[in-house]
Asker: 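This is the structure, below, for whatever I ask next.
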Amino acid sequence: MPENVLSCLIFLPLLGALVLLLWPRPVGAWAKWLTIGLTFGQMGLATGLYLYFEKGPEAPVGVYDLASYQFVEQASWFEISLGRSGRLSAEYLLGIDGLSVGLVLLATIVLFIGAVASYTIEKLPRGYFALYLVLSSAIVGCFVALDFLLFYLFFEFMLLPMYFLIGIWGGERREYAAVKFFIYTLVGSLLILVVMIGLYLSVIDPAKTARQAGLILHEAEASPEIIRKVQAALSAKKIAPENQVYTFRMTAMMDPDNFAPNALLGKSASGFALDFRFWAFWLLFIGFAIKLPMVPFHTWLPDAHVEAPTPVSVVLAGILLKIGGYGMMRLAFPIFPEQAQAGMLVMGFIGVLSILYGALNALAMDDLKKMVAHSSVSHMGFVLLGLAALNSEGAHGAIYQMWSHGILSALLFLLVGVLYDRTHSRLISHYRGLLGAMPYFGFFVMIGFFASLGLPGFSGFIGELFTLLGGFGSAGLPGWLVAGGVLGIVLGAAYFLWALQRMFLGKLWLREASWRDKIQDLHPREWLMLSLLSLLTLITGLMPGLVFGPMSRSVEAWIQWIWGT
Amino acid sequence: MFSPELIESLRQKLSLLSPSLVGLGFELMLAGVGLFLLLLDVLLPKKPVTFFWWVATGGLLAAGAVLAGAHFYFPVEETSYLLGKMLRITAETLYFKGLLGISALLTLWMLRGSAFFHRLDFPAGAFLFLFLSNVLGLSVLAMSAHWLSVYFSLELVSVSAYLLTAFHFEPRAGEGSIKYLLFGATASAVMLYGLSFLYGFTGTLEIFSPTFLQVPVSKHPVLGLVWVLALGGLLFKMAAFPFHIWAPDVYQSAPTPIVAFFSVAPKVVALWVLWQIASFLYEIEELRRLFSLFWAGVALLSIGLGNFAALWQTHLKRLMAYSSIAQTGFLLVVLVVPSPGGFSALLFYTTVYALMNFGLFWGIAKMASPEETLDCLAGKGREQVLAGGVLVLMAIALVGLPPTAGFTAKLLIFSGLWEAYQTWPHPALLVLFIFGLLNAAVFAFLLSQNSFLAFFQRKKHQRFAGKKYLILTCL
């Protein structure tokens, strides 16, 4: 693998977007082929990453230790002097570990599928595909950035393309949905920004501080002894403030010894009216919970999904929501481990609440797309439940559930799109007995529904199983709470099977007689997308080791880090 | 005829004057060009607008060249005083004057493209004269080291601004102008009142006189109030709470290029003066705490009031007025803690802010129809891709979303605030920190509506209905 494969992953689509935007004449059909090609290339690169990623019992762990991340790229981004109060350093720092490798692959797969699904976009193609490519850059960037500022940049940069994609190419109430999506996620990211500013002004980079204080000439010379020396000097207030180099590096933020002695977010900070670490953790948590989305911050999701065009729904459900879970794992939990431990019960409760509330909502929906959207809330609740368990099974299950839900929700939204493309109606009550008219479509719907409701053999089962196992095994979560999560599976079975029965079984009946000519079975393009996703859910359901393998070491290290052992 | 002593003393005075002449070259050029324009306006039988415009632009460029020359004349590290101790010049002053000059050039450039400017009966000479006077006043204000020169330059700026506001020659423009005049007169009276107290306390009006630091606040609690009164005139120019009331009417009625200028230049220059005063007074711990809280309060109220009031606006430029009140609040955040890091944030933010506002108003001038309501932007984004793109980009920057410079500016400003909070954990600072950052969402909502209208809609249009709901969420 080339050295800078992660940069290629990020900038390849951005380059394509530039070409599209600067193209002097109206773009032709090649725009969509360019997008499909670039996202395919991205997927190829990510598959390479996955294959070359060091797995196995001896693999480097990552998480809190920058040296053991893989495919690391590091360059100074900017370093400015803040005068008497120190220096500020931001880095272009990329790298992956077990927590992110699977999600990077998932992101590129979903983006590729989304690009293929965008084939039918006719309205303003130049803008659409340019925005889509910018979006794919930002998403991948989010998963590989190890500098908080860089992460935040990508995190916020997803917002605008998404806002325009929903707002311009969406359905009837697209404006409402786009503004709502925009404002909700912006509030979330502002909460994260608040914490980010507080954090980076509390945390120093020991190597750079050593350089600034004149202990070493170049930061590359920093040995562990030097770093310990700097940290000891820091807590003894022996380092002059102007020599302290503040950093955005995530791994530096996880080490309590890097906090300046007067920092409000430092571990030793006490005697203030507010417990800042407590608030910082919960602000981060809410920021990411909005993205995830968790009840009661989930209300943007159904609107955004229903109004977004199919490919955008696919990307939104398939990968954007995962960034919420990923952010909790990468930032909120390891930086504030004690607060995470103290908050297990609350987080577990919110997770189960989302599972049940989402499922009950889904049960009440007549619009198929709304049903799938609410089922997303329910399924992402399992992710939070797994994380809140704070044990190995739970964390494994959470990441696996993100993977599984990424594949399955993409599949489900594509299926809804297939039907909507033909008849422009998504209401369950408008159809009956579709199985006879569209047998292959019905086949994929069954795969999607059964996999989602947790049929063993498909990926959904593994994810739910492991998060629930984690929940039951967790010391911090009471059994009755987790049992509520099990009830969510039952409800899931109910709404999926009920929808299946109403729409597909029985004698063919359609709301409008004219639809009968429109409901042809799947096109080759739809075949390609649906079978790819179905295969993925089946393969990883039968061989969960494909997903668990690369992450295991990192997840173990993550759990140990949080419990401080 | 003249005694040698007299000639000698004259020579000495002249040698004292010569740095003043170089330092004031920019202002002298502006005054000269302005008067020349006024003369032309009287003398020429026909009024060729383009010719006037070229004279003004050429004069401004020449003045800019003199300003650039002054950069070499005055050593970077030193502070030079001019005209006794009335004015002073530092490297930073020259920078702000440069920013002012660039803003003026951008305004002239926008004027050239404006329809009203090319109307047959338009008194271009008088208009440009007033505009250059305004620039002149601001430029003197940027150098002021004496309360009297602050007051005089502020009056010059205000009087020309009242008249510039009225140049649409409509009843509404007259109304805006009169309101501006009334509020302005009040503000300047308030300021004079405060100054008279200051003079009474210290016996001097030199801003940077050490006497100001020797009056103990604890003995004279009224001094805090006096300071606030004295700063009123500057706050008025910045449109900061509670001196903001004029802004919407003036923005609505004044010509767009002039509004763009008003939204940038007076704020930036007044902020620079306030910065100098603040960092001077902050040497005294007592005053520092007092002023930190005062600025935090003004910033907080400006941000909140500007953003929330803007939610109800339907007129484009009124909306911009409220959002610029909020922007003033953000600018004032740097005053809460004047640290060297804060100063670089100030330089960065003011520069970025100037560019953002000119971009935004340029887009508005290009795209809006004469009634300038929010709705009139509907569908314009598709017709004018460049202006629409600029508008959206600037709006994003103004919200402070990455990867624009607007984000970096906000990051720097609020980082400074957090640092201040770490050394002095007063709840007001924390409230300002969190509330200020979260306010970006309100602002984003506003502007997202704007760019929506510009881009998404063709002819028909329906307003976003979830406003109340959103506000509830925000609260």
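Lettering follows sequence order; numbering is per chain, from 1.
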Asker: Among Leu417(B), Ile434(B), Leu438(B), which has the most heavy-atom pairs under 4.5 Å with chain A?
Answerer: Leu438(B)

Asker: Non-hydrogen atoms of chain B under 4.5 Å away: do they reach the side chain of Ile197(A), the backbone, both or neither?
Answerer: both

Asker: Quick one: side chains of residues 124-136 of chain A, donor-acceptor pairs under 3.5 Å with protein atoms, not counting sequence neighbours, listed by atom name and distance.
Answerer:
residue	atom	partner	partner atom	Å
Arg126(A)	NH1	Leu20(A)	O	3.0
Arg126(A)	NH1	Leu21(A)	O	3.4
Arg126(A)	NH1	Trp23(A)	O	2.9
Arg126(A)	NH2	Trp23(A)	O	3.4
Arg126(A)	NH2	Arg25(A)	O	3.2
Tyr128(A)	OH	Ser118(A)	OG	2.9
Tyr132(A)	OH	Leu111(A)	O	2.5
Tyr132(A)	OH	Ala115(A)	N	3.0
Ser136(A)	OG	Tyr132(A)	O	3.0
Ser136(A)	OG	Leu133(A)	O	2.9

Asker: Please tabulate, one pair per line, all N/O donor-acceptor pairs under 3.5 Å involving side-chain atoms of residues 397-411 of chain B, not counting sequence neighbours.
Answerer:
residue	atom	partner	partner atom	Å
Thr404(B)	OG1	Leu401(B)	O	2.5
Lys410(B)	NZ	Leu398(B)	O	3.4
Lys410(B)	NZ	Val399(B)	O	3.1

Asker: Show the nearest heavy-atom pair for residues Leu186(A) and Ala441(B), with the distance to one decimal.
Answerer: CD2-CA, 3.6 Å

Asker: From Ile396(B) CD1 over to Leu159(A) CG, what is the distance, rounded to the nearest 0.5 angstrom?
Answerer: 10.0 Å

Asker: Select one option (side chain, backbone, both, neither) describing which atoms of Ile80(A) are under 4.5 Å from chain B's heavy atoms.
Answerer: side chain

Asker: What part of Tyr200(A) gets closer than 4.5 Å to chain B, counting heavy atoms only: side chain, backbone, both or neither?
Answerer: side chain

Asker: Of all heavy-atom pairs between Ala440(B) and Leu190(A), which one has the smallest distance, and what is that distance?
Answerer: CB-CD1, 3.9 Å

